[in-house]
Chemist: 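Quick one: the structure is below, and I'll ask about it shortly.
Just so you know, these numbers come straight off a predicted model, no measurement behind them. Throughout, protein chains are lettered first and strands after them, A, B, ... in sequence-line order, and every chain is numbered starting at 1.
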Amino acid sequence: MTISSQADPIVYFDQVTFAHYEQTTPTLKNINLTLRRGSITLLVGPSGSGKSTLCMLMTGIVPHLLGGNLSGKVVVDHHDVASTPVKDLAVSAGLLFQDPEWMIAALRVEDEVAFGPENLCLPREEILKRVDHALNFVGLNHLRRNPVWALSGGQVQKLGFASVLAMETPLIILDEPTANLDPATTYAIHQLILHLRDEGKTIVLVTKDLDEFMAEADQLVFLQNGEIVASGSPRQVISQYGKTMFEAGVWLPEPTEIGLILMEKGKLQSSQLPLTIPEAVEVYSQLQFKEIEPVNLPANYAEKLISAKDVEFAYNPKTKALKGVSFEVYAGELLAIIGQNGAGKSTLSKLLVSLLKPTKGELTLFGKSTLQWHASDLANSVALVFQNPEHQFLCDTVFEELSYSLLAKGITDEQEVKQRVEEMLSQMELLDFAQKHPFGLSEGAKRRLGVATMLVGGGVRLLIVDEPTYGQDRRMTEKLMSMIRRFQQEGIGVIMITHDMRLVEAHIDRAIVMADGQKIFDGSPKQLFQSTEIIQKAWLRPTALRRLLNAMEEKGYLIPQNISSVEQFIEAVL
Amino acid sequence: MSEQFLAYIDNDSVIHRCDALSKLLWVAIVVVATFLFQTSLSRAVMFITLLFVAIFVARIPLRTIFRVSPLIFGVAFLLGLFHFFVTKGFTPLITIGQITIMKEPVEDGLAFFFRLAIMVMASFMLIWTTDIQELMTGLVHLHMPYRYAFAIFMALRFIPMIQQEVEAVKAAHTIRGRAVKSQFRHRFRLWQRYMFTVIVNGLRKAEGTAMAIESRAFGAYPKRTYVKPFHWTVSGFSLVGIFTALAVFLLVMEHWK
């Protein structure tokens, strides 16, 4: 379904098929799509469904810069993409890349925003006006003279946003603009997007955080295997294709996921499917709830893995990255370290594997002071999976990568190595890729390989995973979490560093919240989401599920205390 | 965030306020002078002056200089050592037991050590004190086509990014342990992998940045506007003047001697 009947389209795709350079299978197939001026279009689909390629097609990056075969017609703001160079399309379509660091072309914030308008040969006064407006819009005006490398992840994202705004294009394309941001900054970016739409801009948005947009978006496009499975208003598409989207691994707002499951169980009519929290309160308040048992596994408090007492760390004498942090970690615990970008989470994880040493305070790892540990010796007991798993890879095939970890632990018997590697590959669903180069895997497979390299040798007592859900669809996240739960049952302590509040609420037993280098909270996610003060201080935001439950409680409904995931909500009402 | 040691340091010093083209000329003068000098004493004076200016005038933190010292001194030392061994000597300088050290290899070794150390130190000072965007507008001011000037700018901008990438890869590899007994083989393998990862990610970033800047209309017109146009500065001329005078003075002193 398309909305080609609606007036004044800014973009239209007519029978578009596109195959990347030297690829026989097209990434996009038979795309027919129209975008109306001043509308918001959401692009959703599982990993590898062609969302980013579709975005790049609207700016001409494909086919002009990345090559490939394009058939059919793409028209953006009256320009035929096939015959218009990227630099000329730049006045019509602005793209915020998934990794905005790519976009940085200058050294200072204000120079970065001015870069695009300077290329358009605009008068100096006009450029300065645009820079002021864009920086005020995203709230970075007070940092305008700062060097770009001193910005936090969230600020870099806002800077990328400001740079696109300064081009004043009628079409703005945002490819996962909040993928690696803390929840409060994500919310702020979402509000900016809605504001832009109100200013008359056309927005194309690829995101997994749909809840803010379900009521606001004009069009939802569901892509799978390079084809548009459905497009239309969010309500139309989700009512008809919600189940397919859910099964394909697309992240949907939790109240809607609950509705889809209840529809399948015959407890809800499709016409009742809620898309927003007020709608969900209305629909679910008619359900009867029963108490459910908590599922969290108790940790083994007899076995202390880590003890930190007043730990401080400074990269330079002027700035302390950690200020007096104290906590303990036990075997079999599933712990999350959360907080805004730049709060000190990654620094803390590096201290826990002895890559950094505290500048003050006591840090004991497995009963021994960190000062007595060398990171490579600690590798037998603690495993850290980096946010970018590519940094960890050392070999030319997936199989060799795991063999390396065994050799590093002194296991040299070829037969044993082969057997253990194959077992781990099969456990991680990587057996088919054994002879592939690690860099050639999908993002999800790379992350699984990252975990596998750290665990294959056995003996690991603590696993630390930095942003486990980054770049993963729902299905892949569930797979990774069930694996992590299994490790936890085996007595391995697990620490996750994450911005994903949904993950924290559904899976985590204990959360440590960091803000400005300090620990400001240590307790259960439930306690955390009840503390408005901590949530505000650490730039967090309760999940859509928590907001739904809170809204229902405020209306006087009795809600079981142990609900922390979609599955538990369903359990409580069935 | 870890500190970057090969990037612009945001200080407000006299050297920072000098215009980029004067600083480029200053580096050229220092490098040419170091090749014209005949004695290691002159080169040592030039090197110490550079170090003094870096620490006390440009206010470059000592830890930054310390962190890059393997790059400044390490390579220079190896080059010096190489020349010490390959240069033929005729004049005995010192005899220790049965070993006689000749004057010529020592002088040659020192000459190469100081030449390289001065070149690297002066280049680093340019990086630490110069907003490379100003360097780009300066080159355009000298009528270099802006696409070429921008290419130089981007190449310099990649240095801190590569440094960051190397540090991340190094940290990740450390915690994976060592798979071979030989320390040398292990180190060789790590270096091989650093290079691979850094090159692959560097190329990806370069490709990403090229796409990103073109999608912001870079190259759309033969000219572009500069919000901050280039201006020559008195402090820049003074810097060039002082170092030219120092170089001439040292050359004259050598001749006098």
Side-chain angles (χ1 to χ4, degrees), chain A residues 59-61 65-66 86-91 94-95 97 99 102-108 111 114-124 127-128 131 147 149-150 163 167 315-316 342 350 353 355 375-376 378-380 382-384 386 388 390-394 404-405 407-409 439 453, chain B residues 1-4 7-10 61 63 131-134 136 150 153-154 157 160-161 164-165 168-180 186 189-190 192-193 196-197 200-201 204-205 207-229:
Chain A
T59 61
I61 288 174
L65 301 184
L66 292 179
V86 175
K87 55 185 196 278
D88 294 338
L89 280 168
V91 290
L95 170 64
F97 286 71
D99 184 352
W102 280 9
M103 295 176 65
I104 293 175
L107 288 185
R108 291 185 192 276
D111 298 340
F115 175 80
E118 283 178 331
N119 293 331
L120 296 174
C121 282
L122 296 171
R124 191 171 174 269
I127 297 173
L128 291 173
V131 170
W149 67 84
S163 305
M167 295 296 284
Y315 287 106
N316 62 58
K350 284 182 186 160
V353 293
L355 281 172
S376 56
L378 205 54
N380 289 325
V382 61
L384 170 63
F386 277 65
N388 180 0
E390 279 182 4
H391 287 155
Q392 290 175 247
F393 301 149
L394 277 156
Y404 181 95
S405 296
L407 292 172
K409 294 210 167 186
F439 278 60
T453 55
Chain B
M1 190 186 285
S2 65
E3 272 189 284
Q4 296 180 355
Y8 176 68
I9 295 169
D10 199 16
R63 67 173 181 283
D131 180 333
I132 44 178
Q133 192 157 357
E134 198 197 316
M136 180 186 81
F150 197 77
F153 164 71
M154 289 308 279
R157 208 180 74 75
M161 283 164 74
Q164 228 173 7
E165 191 77 12
V169 175
K170 207 169 149 187
H173 288 179
T174 306
I175 59 165
R176 286 201 61 187
R178 189 147 57 95
V180 282
H186 176 66
R189 186 171 198 166
L190 288 186
Q192 216 183 0
R193 194 46 53 173
F196 180 80
T197 312
V200 167
N201 285 331
R204 268 194 212 149
K205 273 185 185 157
E207 188 185 44
T209 305
M211 287 191 307
I213 62 169
E214 198 152 340
S215 69
R216 286 163 74 195
F218 184 74
Y221 299 100
K223 288 193 170 182
R224 68 192 290 276
T225 314
Y226 296 94
V227 171
K228 293 176 183 169

Chemist: Please classify the contact between A:L355 and chain B as side chain, backbone, both or neither, with a heavy-atom cut-off of under 4.5 Å.
Modeler: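 Side chain only.
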Chemist: Under a 4.5 Å heavy-atom cut-off, does chain A meet the side chain of B:Y8, its backbone, both or neither?
Modeler: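 When you check distances to chain A, atoms from both the backbone and side chain of B:Y8 fall under 4.5 Å.
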Chemist: Under a 4.5 Å cutoff for heavy-atom pairs, which residue among A:C121, A:G116, A:A375 has the most contacts with chain B?
Modeler: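 Highest number of pairs under 4.5 Å: A:C121.
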Chemist: If the condition is salt bridge (charged side-chain N to carboxylate O under 4.0 Å, His left out), which residues does B:K170 pass it with, not counting sequence neighbours?
Modeler: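 Expected list: none.
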Chemist: Within a strict 4.5 Å, meaning less than it, do heavy atoms of the B:F218 and A:K87 side chains meet?
Modeler: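 No; the side chains remain at least 4.5 Å from each other.
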Chemist: Pick one of side chain, backbone, both or neither for B:D131, based on which atoms fall under 4.5 Å of a heavy atom in chain A.
Modeler: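 Both parts, backbone and side chain.
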Chemist: Please look at A:L122 and chain B and tell me whether the side chain, the backbone, both or neither of the residue comes under 4.5 angstrom of a heavy atom of that chain.
Modeler: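 For A:L122, the backbone is the part near chain B, not the side chain.
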Chemist: Please classify the contact between A:L384 and chain B as side chain, backbone, both or neither, with a heavy-atom cut-off of under 4.5 Å.
Modeler: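 Both backbone and side chain.
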Chemist: Considering only heavy atoms, which portion of A:A114 lies under 4.5 Å from any heavy atom of chain B: side chain, backbone, both, or neither?
Modeler: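 Only the side chain of A:A114 comes within 4.5 Å of chain B.
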Chemist: Does the pair B:R204/A:E390 count as a salt bridge with the N-to-O cut at 4.0 Å?
Modeler: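 A salt bridge links B:R204 with A:E390.
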Chemist: Given heavy-atom pairs under 4.5 angstrom as the criterion, report whether the side chain, backbone, both or neither of A:I104 touches chain B.
Modeler: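 For A:I104, backbone and side chain are both near chain B.
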Chemist: Considering only NZ, NE, NH1 and NH2 on the basic side and carboxylate oxygens on the acidic side, decide whether A:E118 and B:R224 come within less than 4.0 Å.
Modeler: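 Yes, charged N to carboxylate O under 4.0 Å.
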Chemist: Taking side chain as everything from C-beta outward and backbone as N, CA, C, O, which of these in A:M103 sits under 4.5 Å from a heavy atom of chain B? Side chain, backbone, both or neither.
Modeler: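 Contact with chain B is through both the backbone and side chain of A:M103.
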Chemist: Check whether any side-chain heavy atom of B:D10 sits under 4.5 Å from a side-chain heavy atom of A:R108, and report yes or no.
Modeler: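 A side-chain contact exists here, since the closest heavy-atom pair is under 4.5 Å.
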